[in-house]
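The block underneath contains the structure these notes are about, expressed in structure tokens.
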Amino acid sequence: SVDRRKFLQAASAAGAFTLAGCAGGGGGEDRVPMDIEEWPPEDYSDTLNMWNWYDDWAEFAMEEFGNEYDVEVSNSGYSSPDQWFSQLQAGNEEIDNIAATTNWVERSIENDFLHEIPVDIMPAWENVSDRIKDASSYKQDGKTYAVPESLVLYPLTYNEEYFDSAPESWGVLWDEAHEDRIVMWDNATVSCQIAAMYTDQDPISPSDFDEIEEVLIQQKPLLKTYWGDYQQGQSLFVNDDVVAGPLTMGRTYTARFSEGAPVNYTAPEEGAMFTSDLFVIPKGAPNPITSLLFTNWATKTENAAKLFETMGYMPGVDIEEELSDEDAEFTNWPDDWNLVFSETLSEDVRSKYDEIWTAVKTA
């Protein structure tokens, strides 16, 4: 029998880099994903270096994938996408697999930083839901450069004991009746897009930046605070400090089912933003075939379901049969919700949102 390998959770990028040059074992390092024409790949290296910010799921994946394929896996959790993007800009030699947000995937495709992925031969590709295939920006010129990992909704989270029913409008965050019980995210793009939807503007390409700034300044005295850290935002609802505000679906799930908070989420009639995170294999990856094998493994239904179980986020795979009735109800987004895919903002809009947010915070 083969001895159980030692699995390491890298505490920093440097930790991941320590393992990066240790790809012994099977061959395949000189191949790229599009060289694979049959599944499964016959040869792959015995090391995988991930950058995945779904920490709890990554711990599960490190052990389970590693055991199944006899691969030594490391993960470097990260807080900001520019941490790995700068590595790709410098010429990647360390990272094999990244869980990346849509807009950074688009930037990476534009800069020719990513390997094309042969999804047509990957058995698990058929598990990816049509909803996320239709929305995610993972293709260019008919070529596929990413595999959806999760579907991320930015809803309005609310306290079910405080409200008789789900608030129908983002206007609840401007209602003086809830003064000192509402919260906003300390994030220029998210908060400005909420204000854009509240004022009936296109959050991707708004027509009146002055109005967005004006309503955000008007709102400021009504707020309990701005939250900047995900745990802080979750704790505000768990501790009953606030009753309404933007919070990710995953954190709402954790607050409800792990902390017992009476919270739920909704998409207001003006709309709610959503995006996706995707698996990508960067050029320069020392173990690209192992990374391809991992991407397929992570897209299997039972492994994708673990993402919801550990993190509360909707995987890109249809996992309904894996869920309890309670969890299935929580993840069911009504077809009549007005959901707006978070396309990459133009440089002008992104800059204006940053300017507005600076003015709001200093007002």
Side-chain angles (χ1 to χ4, degrees), residues 2-36 39-78 83-84 87-88 92-100 105 108 113-119 121-125 145-150 277-300 302-304 306-307 310 315-316:
V2 180
D3 290 338
R4 179 187 177 95
R5 289 185 177 278
K6 182 179 180 182
F7 299 97
L8 301 176
Q9 171 85 32
S12 65
F17 295 160
T18 302
L19 292 172
C22 302
E29 290 82 3
D30 59 340
R31 296 177 296 167
V32 298
M34 290 304 294
D35 290 334
I36 304 302
W39 199 269
E42 292 185 359
D43 299 303
Y44 53 89
S45 60
D46 63 0
T47 301
L48 178 70
N49 309 309
M50 301 190 305
W51 278 49
N52 192 301
W53 56 1
Y54 292 102
D55 294 335
D56 291 342
W57 182 84
E59 289 185 10
F60 155 79
M62 288 164 65
E63 182 168 357
E64 295 299 322
F65 175 77
N67 278 338
E68 185 171 342
Y69 291 98
D70 193 26
V71 172
E72 185 173 349
V73 187
S74 67
N75 180 54
S76 179
Y78 63 91
Q83 292 172 277
W84 59 257
Q87 297 286 343
L88 305 194
N92 174 52
E93 296 179 352
E94 313 290 350
I95 309 172
D96 292 315
N97 194 282
I98 306 171
V105 169
S108 297
F113 288 160
L114 305 179
H115 280 300
E116 184 182 354
I117 299 177
V119 293
I121 68 165
M122 295 170 58
W125 176 248
Y145 292 92
V147 172
E149 177 185 25
S150 63
D277 283 354
L278 309 107
F279 293 113
V280 297
I281 303 174
K283 290 186 175 180
N287 308 290
I289 308 306
T290 309
S291 184
L292 179 65
L293 188 68
F294 170 78
T295 301
N296 184 78
W297 176 90
T299 312
K300 293 181 179 179
E302 63 273 20
N303 298 326
K306 198 72 174 181
L307 178 67
T310 56

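Worth knowing before you read on, the calculation uses all heavy atoms, side chains too, and leaves out hydrogens, waters and symmetry mates.
- Using a 4.5 Å heavy-atom cutoff, the side chains of K283 and N92 are not in contact.
- A 4.5 Å side-chain heavy-atom check between P288 and V32 finds every atom pair outside the cut-off.
- Contact check for M62 versus M50: side-chain heavy atoms found under the 4.5 Å cut-off.
- Contacts of N303 classified as side-chain contact (heavy atoms from CB on, under 4.5 Å), with partners at least two apart in sequence or in another chain: F60, W297, K300.
- Between the CD1 atom of I121 and the CE atom of M34 there is a distance of 8.0 Å, given to the nearest 0.5 Å.
- Y54 meets the side chain to side chain donor-acceptor pair (under 3.5 Å) test with S150, D277; sequence neighbours excluded.
- Shortest non-hydrogen contact noted between W53 and A99 is NE1-O, 4.2 Å.
- Between S74 and L48 there is no side-chain heavy-atom pair separated by less than 4.5 Å.
- A pairwise comparison of heavy atoms in I289 and D43 identifies CG2-O, 3.6 Å as the closest pair.
- In this structure Q83 satisfies the side-chain contact (heavy atoms from CB on, under 4.5 Å) test together with W51, Y78, S79, S80, sequence neighbours excluded.
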Where do N97 and T295 land on the side-chain hydrogen bond (donor to acceptor under 3.5 Å, both in side chains) test, with the steps shown first?
CA-CA 8 Å; N97 194 282; T295 301; 3.0 Å; yes
Using the side-chain hydrogen bond (donor to acceptor under 3.5 Å, both in side chains) rule, take S291 and D96 through it: C-alpha gap first, then chi angles, then the decisive distance, then the call.
CA-CA 6 Å; S291 184; D96 292 315; 6.0 Å; no
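- D70 is not listed as a side-chain neighbour of D46, based on a closest heavy-atom distance of 4.5 Å or more.
- When the ring pair (Phe, Tyr, Trp, His ring centres under 6.0 Å) test is applied to W125, the partners found at least two apart in sequence or on another chain are Y138.
- Between K306 and W57 there is a side-chain heavy-atom pair separated by less than 4.5 Å.
- Surrounding CD of E68 are more than 12 heavy atoms belonging to other residues, nucleotides or ligands, all under 6.0 Å away.
- Listed by chain and number, the residues in a ring pair (Phe, Tyr, Trp, His ring centres under 6.0 Å) with Y69 are F65 (sequence neighbours excluded).
- Note that the CZ atom of R31 and the CG atom of N287 stand 11.5 Å from one another [nearest 0.5 Å].
- Separation of atoms CG (N49) and CD (E93) is listed at 12.5 Å; rounding is to 0.5 Å.
- When every heavy atom of L88 is checked against every heavy atom of P282, the shortest pair comes out as CD2-CB, 3.6 Å.
- The CD1 atom of I98 sits 7.5 Å away from the CG atom of L114 when rounded to the nearest 0.5 Å.
- For the pair L307/E149, a side-chain contact is recorded, criterion being any heavy-atom separation below 4.5 Å from C-beta on.
- With sequence neighbours left out, P123 forms a side-chain contact (heavy atoms from CB on, under 4.5 Å) with W39, N296.
- The two residues V105 and A146 come nearest to each other via the heavy atoms CG1-CB, 4.2 Å.
- Between the side chain of N75 and the backbone N or O of N52 there is at least one donor-acceptor pair closer than 3.5 Å.
- In this structure, the side chains of L292 and I117 come closer than 4.5 Å at one or more pairs of heavy atoms.
- For the atom pair F113 CZ and Y145 OH, the distance stands at 13.5 Å (nearest 0.5 Å).
- To the nearest 0.5 Å, atom CD of residue E72 and atom OG of residue S45 are 11.0 Å apart.
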For T290 and T47: C-alpha separation, side-chain torsions, deciding distance, then whether side-chain contact (heavy atoms from CB on, under 4.5 Å) applies.
CA-CA 7 Å; T290 309; T47 301; over 6 Å; no
